[in-house]
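For clarity, every value in this text was computed on a predicted model and none was experimentally measured. Here, residue 1 is the first one in the sequence, and each next residue gets the next number.
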Amino acid sequence: MAREQDYQTIMYGLQELDLQMNAVPSDLVLIGEDAFPLLMNPKGQVLMAASYYGKGRVVVLGHEQYLTHFPGLIKNALKWLMPSTGDAGIVGIQKSLRSVAGNLNDCPIKTELGDFRSGLAVYITDAYSVENCAKDLIAFIKAGGGLIMAGQAWHWAGTHPQENVLKNFPGNKVCTVAGIYFSERYGKVGIFPVPKQIPYSWLALSTGKDFKDDLQFLLEGVSEFDVRGEAIASEVMVHGPLAFPIAVTPAGKTFIAGAYYGQGRVILLSHESYMDRDSLSTFLINAITWLDQDRKGVIGILPSRKGAHRVLSKSGLDCQLTSFRKDLSVYVCTSYSDAQCAEIQEFVAEGGGLMIGGHAWHWAQTHSGRNVMTDYPGNHILNKMGLSLLGNTLIGELCKAPEVGQSYKEGWAMTVPVTFKCDVTTVTAYTSMVAILSDIVKKLGVPQVSSNSPVESAKDRLMLHIGSEVYKVSPDPDALLPYIIKDRPKLPTVSNARVRISAKTEGSEEWISTGLYLSPGMKTNIAVPPEIIRKNWQVQLGCQTDNIGGANVLKRAPVVHERFPLDAEMVQVCNLWGGLIYIIAPPQSKVDGVEIVVQDAVQAPYFKSGETSVADWVDRIRQAPAPWAELEFENIIMTLQSEFIRNLDRPDEVAKLWDTIMRSIADLAAKPGKFPRKERFVADVQISAGFMHAGYPIMMQTVSAPELVNVQEAYKKGLWGQIHELGHNQQRRVWEFPPHTTECTCNLWSLYVHEEVLGLNRSKAHPYITPEKRQARIKSYCDGGKDLKNWSKWTALETYMQLQEKFGWDAFKKVFTSYDGMKGVPNDNAEKMNLYAETFSKVVKMNLCPFFKAWGWPIQPDTQKKISHLPEWSDHPMVQYA
């Protein structure tokens, strides 16, 4: 809001600006949070701008003729620039600009023609005559003075073809400290209306410089970046017009980047150990030289970075271990502190170099609920410079150096949505970005992703990301909604729905179903009872919690659920993609029958054993309008698209089947029949891994959803995949030997349920365990030398099936019971396998060492000794291979 008021003051009374005179302006490049455009053409080029620096203010015009052609603008600018001394201050005007002074004769302003001197309130100058007084002007602005500068750099660039315009054009030696640069690009002219608010355009996102010469210098002698090793880096987001990637992974993720900031330069490395590496020394020496800008001054290195001092000293420059000082040429530090944020930014703006290294992922993991972009200390320094460290990790690889001139535009664009995780109400740059990308969404639209219309191209994926993220922070999300989701059915709603909440959680959170749904973009208010306010309870919208962003083809948006804290008596919630409403009970919570009230929602088909009658289900509930339905039984809850239950006549029969299955799962695990937390199945059009995967909830593909409710088919064909995932949730570290048994022991539950509940013989329960295939696997494994690397999945399952066929399921139940509360269980597989052999032998009162040795297990003499008193299992199925 403060920037908008500044803009209103400077542009007061101006309806349009006619730039069709014989004057070709420069396109101005803006960086940081303080600079903002005053006039922008339809190509997104900034032709006039304003900014702050220190206590002072700056107005920059893209051509010197604008000083005389727009007297009203100059008078407004002077009003804005004049310090608190008001009209008593003197406005100095460069002596060649006599006509500007003439335009101010009717103003109660004291003017003075001449060179810059101290004691002025404001100074007006062209951009060509300031080289000799640049430092004085910067100090003047920083102390509270005002500056109007006008000019263009394209002609100067033409007469100085070897010069770096951003660095050496005279005007840039002053106004760049405030984040405004004259570029060598021509600005397109015309008659332009003056908007009521600060102008913006997504076209203005183009880079402000061709970094070919910088990359040529930085990559001299560098063919690769070897960042292999244990160091885990963060991804770098390159978002400023004067920032550029230097080193990227094969997947296009940036881990080293550079930037211009004011008159200085920045190099960011996304792990501090990179500054110590001899393998990167050629690049590091190039980088420190680039940052020094031929000053050959002191390179100050944070005292804790002795390795960096050793490597950088090879540059021949004066490298010293020291804390930050203003007299340094370059400062080398880490990103973990912002204690001197303002001083470092000022140091760089006025010409210093900054090499900064560090990652943000560990900070993100240890500061739950905090925003990496806005709260991470290093980003307080870097955000203004057009660079940011992200919370995601990068594993070190051997990465080729880029070809000079290579474009990273698409990679940059894919990271743009991350910026919306900032507090855009207080950061001007992010507010502008939201407005720009809202404009893009309205112009280009968002692909209507579905299983029938999957998203594959980089452009469509980008627009899906942008649409999703900009909606969350838009000041008017309802206006964006039709551009993101075009076909939104209008479903009937219920008002003031009351839902009773009871929970007794242990070590994990629990989703509590409400039987209510919100349509895409639909807002509602939830009245929260005092018992759960500000006690880490949340509301979740959406059942599909898998992030599928890593998939090459998308059948839905990558993230379609939202969570909100229940931290007030009334909480408003909304999710772009809609979804079922859940209350999330945190661990160690206990409430009984507290009531929430949902102001407006859509009723969902929801059956709950013991509460919903079959008659009510058939007559009314199963036709509830929400597209998602839930069936909640004794120990499991199933979430699936409503189309699969519209004709379900006997939910009680489905409940009976699953109650029996779940009790049998608990029975084999030697656990009480009532689960401490009900398991969940969620069917989705696309999931993050495999055809199904375990967890809370267990995720499955939509095509498998009908199997959950077809009782007759379950008894005929079984439910191997579903029970396999439930088995995963029963696995325990103490008797698991990953990776060998990860996809093996979960199948013990599949075998048990199919034989004990569904009445299917194991040879018919799955095509991989017919007698013929079992024997072939055993022979292949033994012929291959019984290498434990090959003992996994179905081969490993054979070991357990042979034990079960000899000793029965009760033996497994007793073994699992033996492990409950067992202390001192080792961590490595070899020792754990010995413990398992010992435990199973004691349970069945038989020495099983010969059997396990025949399978290639590393049975130790000490284990054999412990159970030597037991009779040996001498006729085990592996005798012929022993």
Checking Asp375 against His380: is there a side-chain donor and acceptor pair closer than 3.5 Å?
no
Filter on side chain to side chain donor-acceptor pair (under 3.5 Å), then keep only pairs touching residues 520-532, sequence neighbours left out; what's left?
Asp478-Lys523, Asn525-Gln599
Any side-chain donor near an acceptor of the partner, Tyr696 and Asn729, under 3.5 Å:
no
Residue pair Leu541 / Val573, side-chain heavy-atom distance below 4.5 Å:
yes
Distance-only side-chain donor-acceptor flag, Glu630 / Thr639, under 3.5 Å
yes
Donor-acceptor check, side chain of Ser451 to backbone of Lys555, threshold 3.5 angstrom: yes or no?
no
What do the steps show when you test Gln365 against His362 for side chain to side chain donor-acceptor pair (under 3.5 Å), and what is the final call?
CA-CA 5 Å; Gln365 291 178 6; His362 184 265; 5.9 Å; no
Inspect the contact between Lys384 and Glu33 and indicate whether a charged nitrogen and a carboxylate oxygen are less than 4.0 angstrom apart.
no
So, Phe681 versus Trp658, ring centres under 6.0 angstrom or not?
yes
Heavy atoms from other residues, nucleotides or ligands near CG of Asp476 exceed 12 (cutoff 6.0 Å)
yes
Walk me through whether Val441 and Lys443 qualify under side chain to side chain contact (heavy atoms under 4.5 Å, CB included).
CA-CA 6 Å; Val441 168; Lys443 283 184 168 65; over 6 Å; no
Please state whether the rings of Phe607 and Phe633 are parallel, tilted or perpendicular, taking 30° and 60° as the class boundaries.
perpendicular
With a 6.0 Å cut-off on ring centres, are Trp363 and Tyr336 close enough?
no
Could you check whether Gln686 and Arg556, counting side-chain N and O atoms only, form a donor-acceptor pair closer than 3.5 Å?
no
Below 4.0 angstrom, N of the basic side chain to O of the carboxylate: do Asp592 and Arg500 qualify?
no
Checking side chain to side chain contact (heavy atoms under 4.5 Å, CB included) for the pair Leu516/Gln603: CA distance, chi angles, key distance, verdict?
CA-CA 5 Å; Leu516 301 171; Gln603 200 75 50; 3.9 Å; yes
So, Arg663 and Glu634, do they make that salt bridge, N to O below 4.0 Å?
yes
Distance alone, cut at 3.5 Å: any donor-acceptor contact between the side chains of Ser495 and Asp600?
yes
Report yes or no: does Gln588 contribute a side-chain atom to a donor-acceptor pair with the main-chain N or O of Glu506 at less than 3.5 Å?
yes
Close side-chain approach of Glu595 to Ile501, heavy-atom, < 4.5 Å
no
When you look at NZ of Lys674, are more than 12 heavy atoms from neighbouring residues, nucleotides or ligands closer to it than 6.0 Å?
yes
Flag side-chain contact, heavy atom, 4.5 Å: Cys543 against Tyr582:
yes
In terms of side-chain geometry, is the basic nitrogen of Lys678 or Glu632 positioned less than 4.0 Å from the acidic oxygen of its partner?
yes
Please tell me if the side chains of Ile583 and Leu566 come closer than 4.5 Å, counting only heavy atoms from C-beta onward.
yes
Is there side-chain contact between Gln701 and Ile687, with at least one heavy-atom pair below 4.5 Å?
yes
Would a 4.5 Å heavy-atom cut-off, applied to side chains only, mark Pro586 and Lys535 as touching?
no
Under a plain distance cut-off of 3.5 Å, with no hydrogens placed, do Ser388 and Asn383 share a side-chain donor-acceptor pair?
yes
Heavy atoms from other residues, nucleotides or ligands near NZ of Lys486 exceed 12 (cutoff 6.0 Å):
yes
Does the Asn496 side chain pair with the main chain of Val598, one donor and one acceptor, at a distance under 3.5 Å?
no
Would you indicate whether the side-chain heavy atoms of Asp684 and Met699 approach each other to under 4.5 Å?
yes
